[in-house]
Amino acid sequence: METYKAKENRYDTMSYRRCGRSGILLPAISLGLWHNFGSVDVFDHFIRIAHTAFDRGVTHFDLANNYGPVYGSAEENFGRILKKGLGNYRDELIISTKAGYDMWPGPYGNRGSRKYLMASLDQSLKRMGLEYVDIFYSHRPDPETPIEETMGALADMVRQGKALYVGISNYNDQQTQKALEVLREYKVPCLIHQARYSMLDRWTEPALLPLLEEKGVGMIAFSPLAQGMLSDKYLKGIPQNSRAAKSTGHLQTGWITEEVIRKVNLLNDLAKQRGQTLPEMAIAWLLRKPVVTSVLIGASSVEQLEDNLKALDNVSFTEEEILLIENILF
């Protein structure tokens with residue numbers, strides 16, 4: 001494959017949104033490397049996905065230490081992508097990674113200790129061939145580690161120049177409030193909160209989103225399609241070889257109830273009336289909220305990536321459409 005050269009018109013169609021009250025703008029849609037970029041995947045496929053994303057103005061690439069499979073392989077492969085030309089545009093990229101879930105054996109390869117987080121970031125930088133990441137996240141709260149220790153490690157990463165900004169992920173509103181307070185004491189603001197959020201999973205709405213808006217913290221939503229439930233895969237039930245049909249994995253058969261299928265079909269009908277696919281409408285529905293800085297998507301093909309980017313063609317909803325969606329969901 002020839003050395004990559006980005007398209008000159010890469011910024012023409014993407015919209016960028018301010019991340020809280022920071023100086024950072026993020027693309028409305030960011031690319032997550034959770035699946036499809038690991039050692040079990042085909043390199044030529046995911047390098048084309050990454051190149052297409054950047055050519056379409058997706059400047060933010062989101063990873064974590066244990067993304068793969070196997071653990072670490074997504075970061076290693078992203079490092080290869082950078083070396084093959086994308087790295088020439090390093091100053092145009094926001095690269096994020098995280099630590100908090102299982103990574104290596106023993107008591108120091110998990111959770112939120114200073115030792116784990118610091119070692120993990122050093123490993124991530126080595127795998128990707130970077131001197132720094134733009135955002136480093138505490139991937140989940142650790143009830144057994146003082147939050148002062150976890151947030152102190154994040155603050156020191158910024159002071160050491162290994163991360164430009166820090167964020168948190170999967171923290172509830174009370175945990176977020178405490179994390180923000182501690183980071184403020186260290187004079188290192190929390191840039192962003194990454195949380196699971198979709199039409200079918202709205203746990204963030206009652207307390208977390210208002211808190212982030214009040215405190216000027218950006219929010220990036222992951223699993224916007226509810227692990228594929230907000231797609232056309234499950235309109236007629238659970239097909240064989242689908243994610244839900246597998247005995248293991250993050251989407252289980254029990255989640256695809258008749259009631260969920262009914263709601264998804266009604267949402268699909270509304271999306272058609274809007275001239276969109278259901279995934280496009282689901283992403284647009286999240287972006288209608290100013291507090292949502294960006295929506296994090298995964299892609300197993302260039303075609304899927306481009307389909308999801310079409311959501312940006314129509315992110316406005318009438319009051320009637322919002323009411324219809326609420327009536328369907330509740």
I'd like to know if the side chain of Tyr186 pairs up with that of Glu148 as donor and acceptor (distance under 3.5 Å, no hydrogens or angles considered).
no
Regarding Tyr4 and Asn88, do their side chains bring together a donor and an acceptor under 3.5 Å, going by distance alone?
no
For residues Leu31 and Ile94: do they belong to one hydrophobic cluster (side chain heavy atoms under 4.5 Å, members Ile, Leu, Val, Met, Phe, Trp, Tyr)?
no
With side-chain contact (heavy atoms from CB on, under 4.5 Å) as the criterion, how do Leu329 and Leu267 come out once you've worked through the C-alpha distance, each side chain's angles and the decisive distance to 0.1 Å?
CA-CA 9 Å; Leu329 295 175; Leu267 291 170; 3.9 Å; yes
If you measure from the Lys or Arg side-chain nitrogens to the Asp or Glu carboxylate oxygens, is any gap between Arg48 and Asp55 under 4.0 Å?
no
Taking side chain to side chain contact (heavy atoms under 4.5 Å, CB included) as the criterion, tell me which of Leu212, Leu286, Val295 meets it with Met219.
Leu212
Between Leu130 and Val133, what is the shortest heavy-atom contact and its length?
CD1-CG1, 4.4 Å
Report the distance from atom CD of Gln175 to atom CZ of Arg140, rounding to the nearest 0.5 Å.
11.5 Å
Has Asn66 got a side-chain atom pairing as donor or acceptor with Met103's backbone, closer than 3.5 angstrom?
no
About how many Å separate CZ of Arg274 and CD of Glu321, when rounded to the nearest 0.5 Å?
4.5 Å
Is there a continuous path of hydrophobic side-chain contacts, each under 4.5 Å between heavy atoms, that joins Leu296 to Met199?
no
I want to check something: taking the side chain as every heavy atom from C-beta on, are Leu270 and Leu266 in contact at a cut-off of under 4.5 Å?
no
CZ-CG distance between Arg56 and Asn308, expressed to the nearest 0.5 angstrom:
11.0 Å
Thr150-Ser138 side chain donor-acceptor pair, cut-off 3.5 Å
no
When clusters are formed by joining ILVMFWY residues with side-chain heavy atoms under 4.5 Å apart, either directly or through shared neighbours, do Val42 and Leu86 land in the same one?
no
May I ask you to decide if Thr204's main-chain N or O and Tyr197's side chain share a donor-acceptor pair within less than 3.5 Å?
no
Considering all heavy atoms, the nearest Phe46-Gly38 contact
CE2-O, 3.8 Å
Show, in sequence, the C-alpha distance, side-chain angles and deciding distance for Phe37 and Glu76, and conclude whether the side-chain contact (heavy atoms from CB on, under 4.5 Å) test is met.
CA-CA 9 Å; Phe37 284 75; Glu76 290 174 353; over 6 Å; no
Any chain of hydrophobic side-chain contacts (each under 4.5 Å) joining Tyr137 to Leu191?
yes
Give the minimum heavy-atom separation between Leu211 and Asp173, together with the two atoms involved.
CD2-O, 3.4 Å
Joint hydrophobic cluster, Val188 plus Met157, side-chain heavy atoms closer than 4.5 Å
yes
How long is the span from the CD1 atom in Ile135 to the CD1 atom in Ile192, to the nearest 0.5 Å?
5.0 Å
side-chain contact (heavy atoms from CB on, under 4.5 Å), that's the test. Do Asp232 and Thr277 meet it? Break it down for me.
CA-CA 8 Å; Asp232 59 4; Thr277 65; over 6 Å; no
Judged by atom type as modelled, is there a donor-acceptor pair below 3.5 Å linking the side chain of Asp102 to the main-chain atoms of Asn110?
no
More than 12 foreign heavy atoms under 6.0 Å from CD of Glu326: is that the case here?
yes
So does Lys289 pair up with Glu213, basic N to acidic O under 4.0 Å?
no
Do the side-chain N and O atoms of Tyr116 and Asp142 include a donor-acceptor pair separated by under 3.5 angstrom?
no
Is there side-chain contact between Val264 and Tyr234, with at least one heavy-atom pair below 4.5 Å?
no
4.5 Å side-chain heavy-atom contact, Leu230 and Ser198:
yes
Between the OH atom in Tyr16 and the OG atom in Ser294, the distance rounded to the nearest 0.5 Å is 10.5 Å
Taken to the nearest 0.5 Å, the spacing of Ile29 CD1 from Leu305 CG works out to 8.5 Å
Could you please spell out the steps behind the side-chain contact (heavy atoms from CB on, under 4.5 Å) verdict for Leu82 and Leu93?
CA-CA 11 Å; Leu82 291 171; Leu93 302 175; 4.0 Å; yes
To check you understand the geometry: which heavy-atom pair defines the closest contact between Gly167 and Cys190, and what is its length?
CA-SG, 4.1 Å
Under a 3.5 Å distance rule, please check whether Arg288 uses its side chain to pair with a backbone N or O of Trp285 as donor and acceptor.
yes
Within 6.0 Å of CD in Gln174, more than 12 heavy atoms from elsewhere
no
Under a 3.5 Å distance rule, please check whether Arg21 uses its side chain to pair with a backbone N or O of Lys215 as donor and acceptor.
yes
Looking at Arg196, is its backbone amide N or carbonyl O close enough to the side chain of Trp203 to form a donor-acceptor pair, meaning the two atoms are under 3.5 Å apart?
yes
Nearest non-hydrogen partners of Ala28 and Leu312, listed with the distance:
CB-CD2, 3.7 Å
Over 60° means perpendicular and under 30° means parallel, so tell me whether Phe78 and Phe61 are parallel, tilted or perpendicular.
tilted
Could you tell me how the ring of Phe54 sits relative to the ring of Tyr11: parallel (under 30°), tilted (30 to 60°) or perpendicular (over 60°)?
perpendicular
Going by heavy atoms in the side chains, are Leu33 and Glu75 under 4.5 Å from each other?
no
On a heavy-atom basis, which atom in Tyr171 and which in His193 lie closest, and how many Å separate them?
O-NE2, 2.9 Å
Just by distance, do the side chain of Ser169 and the backbone of Gln194 share a donor-acceptor pair under 3.5 Å?
yes
With side chains defined as the heavy atoms from C-beta onward, is the minimum distance between Leu63 and Met128 less than 4.5 Å?
yes
Charged N-O contact under 4.0 Å between Arg111 and Glu144:
no
Quick one: do Lys162 and Asp122 make a salt bridge, cutoff under 4.0 Å?
yes
Measuring only between side-chain heavy atoms, which start at C-beta, is Tyr67 closer than 4.5 Å to Lys98?
yes
Heavy-atom side-chain proximity of Asn65 to Tyr101 below 4.5 angstrom:
no
Side chains of Glu149 and Thr145: donor-acceptor distance under 3.5 Å anywhere?
no
Looking at Arg262 and Glu259, is any side-chain nitrogen of the basic one under 4.0 Å from a carboxylate oxygen of the acidic one?
yes
Can you see whether Ser96 engages Asp62 through a side-chain donor-acceptor pair at a distance of less than 3.5 angstrom?
yes
Is the shortest side-chain heavy-atom distance between Ser120 and Gln123 below 4.5 Å?
no
